[in-house]
Amino acid sequence: MMRAPLVNFRRLQVAAPWPLVWTVTFFILLARLVVLLVGIAVTAVRHWRAWPAVALVLLAVDVHRSHGWWPHVLVLIVVAASAGMWWWRSRESFERLVVLRGLSWWRRLWVYRRQWHEVMSLCGLVKKYDGGEKLPELLSVRCSYATDEVVLRMPRGQNPEAYHKAARDLAYSFGTRHCRVFSGRRQAPPARSGSLAWILRRVDAIRFRDRPRQVWLVLIRRDPLTRIVKPLPVPARPDFTALPLGTREDLAVYCLRLLATHVLIGGATRMGKGSVIWSLLRALAAGIRSGLVRVWAIDPKGGMELSIGRPLFSRYVDDDWTRMADMLDDAVTRMRARQRVLRGKVRVHTPTVDEPLIVIVIDELATLLAFLPDSDIRSRIAQSLGMLLSQGAGLGVLVVAATQDPRKEVVSVRDFFPTRIALGLTERGHVDLLLGDGARDRGALADQIPLSAKGVAYVLLDGQPEPARVRFSYISDDVIREMAATFPAPAEVQPEPVNTPTPTPAPAAVKARSNGNGRHTYRPTAPKQAAPLLPSSLLHALDLDATPNGGDPR
C-alpha cells in the first residue's frame, strides 16, 4: 500500500499534523496568559498603596451612575469637616499622615516620575546593555517639611560613588540646591515592646534588611539652616550618648555622642567655633551643677572666649603656659589613677558624682602645639595631650579642642580625635584633612560655607559614612552669663596644684625670672657689698670727704 506524498507538488499544498499544531498553539497562548496574569499580580502587589484609590474611583463612578452628584457633594462636606476637626485637635498628626503624604504623592508624579528618564540620562547614570538602556528605578518618595527623600535601585554595574559625584547635578536638575547621597538606610529599626514584639521584630528584620543596591537621595527643598538656631533647652540630666547641640538640615535635632570619644572642632576665624563649644557646655550644664561633669578649660587667647563663663569651669587657665601644662599633667595623673581602679572590671568609665566625667576644653589647640614660645612647655603639653587622646576616652577624661588650621604640622595629634566637626574652612583640601579622605566628594562642602552662615558645619553621624549638614545653636553673651549663674560648678575636691619654681643657677650680676608665659625677663641685681679691709676704728681716720671741724679736707 502506497502512502500519500508529504508534499503535493501539483497543488502546492503541505499535509500537516493539525492536532499537534493546535496543541502547541494552545500551550503557547496559555503560557502567555500566565505571564500576563503574573505581571498584573506583581504590579498590583508592588503598587498596593493605589488599591484604595482605585476602589474609591470605581465606587464613585457606580454611585454617580445610580444617584447622581449629590452623594459626592455630601461626602466632600463630611470629609472636609472631619479634616478640619482633625487639624484643629491634632495638627502634628494631621500634617504627618495627610499633608506630607499627599505632598509625597504629588511630587513623586509631577517632579520626579515625569522627568526621571531625562535627568538620569543627562547626569550619566543610565547604563547601556544589549541594545537597550538600564536606568535607576524610582522606588519611593517621602517628603518632610524641608526635604524629599528619594529611594532608588541602582542598575547592575553601578555603585553609590557614581551618585556622590553626580549629587550637585541631581540637585539642580530637580530644582534644588543641595542633594545628599546615602548608601545605607537612614532610619534604624524601632524598638519593639509588648506581647506582639517578637512578630514585629521579625517583620522589621525583613523591612530593614541590608539592601546594597538601594541609594537614598535627600534633596533639600528649602534650607532651614539659613536662620539662627535659638538656644536649646537644658536637659535635666545630660545623656552623654546624645547631647542636643543644634538642628540638622532635615529639621531633626542634632545630637552629639560625647561618651568615650574626643572632639576636634575645625573652622576659620569667626565661623562659629564658639557656638559649638557653648552649645556643648549648655547641654552639659545640669551635669556640671550636680558634679557629674567637671569641665577644665584652657583659653590660650587670654580668656577672650571662655572667661565669660568662668563659674561653669572647675579649673580654668588663660594666661599662664606653665599652669596649662600642669593642668594637663594633672589630667594624666587622674587618668592613670582611674586606670588602676578600673583595670579588669569595665572597658568604658561610667560617670558618677564621685568619679565624674572630666571634659578638657581647649579653645585654640594650635597655639599650644605649634606657636608656644617655650619649647619645653610645648613638649610637655604635646606629651600630655598624646596620653589623654590615646588612653583617656574610655576612662572618662575627654578632650574637646578647637583649631583654625587642621594641618598635621600644626595640629600633630589630629588623627587621635575620633569625632570631628568641620565649620567653614578657607581651603578645599582642609575638608579632607579634618573629616577624612573623600569627605568632600561625599558632600562635605565646608569650604563653600559663606561667612553669613556662622555655626553651620558638616559632621559625621554614627553608622553613616556620608557627612550631614547641621547648624549649632547661637549662645549670646547674656545667655552665657545666665547659664553660668544658674549652673555653677561645685568646688574642686582636689585643689589645683601650686607651681613652685625650682631654683636655677644664675650669674652674680644677672638673675633670670619667669613671668609664667614661658618668657624670661632678665633684671640686674645689686652687687654684694665687699667686707672692709681695715677695722672699724680706723675707717674714719682715712675719711677724706670730711674733717672733724667741718672744714675743707686736708
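- In W116, the CH2 atom is crowded: over 12 heavy atoms of neighbouring residues, nucleotides or ligands sit closer than 6.0 Å.
- Among all heavy-atom pairs drawn from Y145 and R221, the shortest one is O-NH2, 3.1 Å.
- Annotation: K301, atom NZ; neighbour count of heavy atoms from other residues, nucleotides and ligands within 6.0 Å is above 12.
- Proximity of a side-chain donor or acceptor of S104 to a complementary backbone N or O of C143 within less than 3.5 Å is detected.
- Across every non-hydrogen atom of V348 and A260, the tightest pair is CG1-CB, 4.2 Å.
- Applying the 6.0 Å contact sphere to CD of E137 captures more than 12 heavy atoms from other residues, nucleotides or ligands.
- At a threshold of 4.5 Å between non-hydrogen side-chain atoms, the residues R338 and I358 count as touching.
- A donor atom on one side chain and an acceptor atom on the other are found under 3.5 Å apart for Q404 and T269.
- R192 places no side-chain N or O within donor-acceptor distance of the main-chain N or O of W198, the cut-off being under 3.5 Å.
- Counting only heavy atoms from C-beta outward, the side chains of T147 and I220 approach each other to under 4.5 Å.
- Listed for the D130 side chain is no donor-acceptor partner under 3.5 Å among the backbone atoms of G132.
- Side-chain atoms of S307 never come within 3.5 Å of backbone atoms of M304 as a donor-acceptor pair (strictly under, hydrogens ignored).
- A salt bridge between R180 and D250 is absent, with no side-chain N of the basic residue lying under 4.0 Å from a carboxylate O of the acidic one.
- Taking 4.0 Å as the cut-off between side-chain N and carboxylate O, D204 and R201 do not count as a salt-bridged pair.
- Between the side chain of R471 and the main chain of E249, no donor-acceptor pair closer than 3.5 Å is present.
- A distance-only check finds a donor-acceptor pair linking the side chain of K273 to the backbone of G267 [under 3.5 Å].
- Two residues are said to be in side-chain contact when any heavy atoms from C-beta on lie closer than 4.5 Å; V400 and I265 meet this criterion.
- In this structure, I228 places its CD1 atom where only 12 or fewer heavy-atom neighbours from other residues, nucleotides or ligands lie under 6.0 Å away.
- R168 contributes no side-chain N or O that, together with a main-chain N or O of A171, makes up a donor-acceptor pair within less than 3.5 Å.
- In this structure, P155 and P136 have side chains that are in contact, with non-hydrogen atoms separated by less than 4.5 Å.
- Salt bridge status for D148 with R107: present, with a side-chain N to carboxylate O gap under 4.0 Å.
- Between the side chain of D432 and the backbone N or O of A439, at least one donor-acceptor pair lies under 3.5 Å.
- K128 and E133 are joined by a salt bridge, as a carboxylate oxygen and a charged side-chain nitrogen come within less than 4.0 angstrom of each other.
- With sequence neighbours left out, Q158 forms a side chain to side chain donor-acceptor pair (under 3.5 Å) with Y163.
- Around CZ of R270, the count of heavy atoms belonging to other residues, nucleotides or ligands within 6.0 Å does not exceed 12.
- At a threshold of 4.5 Å between non-hydrogen side-chain atoms, the residues R442 and P467 count as touching.
- Remark: the Q339 side chain and the R336 side chain contain an N/O donor-acceptor pair separated by less than 3.5 Å.
- Using cut-offs of 30° and 60° for the angle between ring planes, the Y254 and F472 rings count as perpendicular.
- R101 CZ: 12 or fewer foreign heavy atoms inside a 6.0 Å radius.
- Within 6.0 Å of atom CZ in F416, 12 or fewer heavy atoms from other residues, nucleotides or ligands are found, so the atom counts as exposed in its surroundings.
- Atom CD of Q391 has more than 12 neighbouring heavy atoms from other residues, nucleotides or ligands inside a 6.0 Å radius.
- Residues W296 and V317 fail the side-chain proximity criterion, which asks for heavy atoms closer than 4.5 Å.
- The backbone N or O of V229 sits nowhere less than 3.5 Å from a side-chain atom of S473 that would complete a donor-acceptor pair.
- The main-chain N or O of L232 is found under 3.5 Å from a side-chain atom of R282 such that the two form a donor-acceptor pair.
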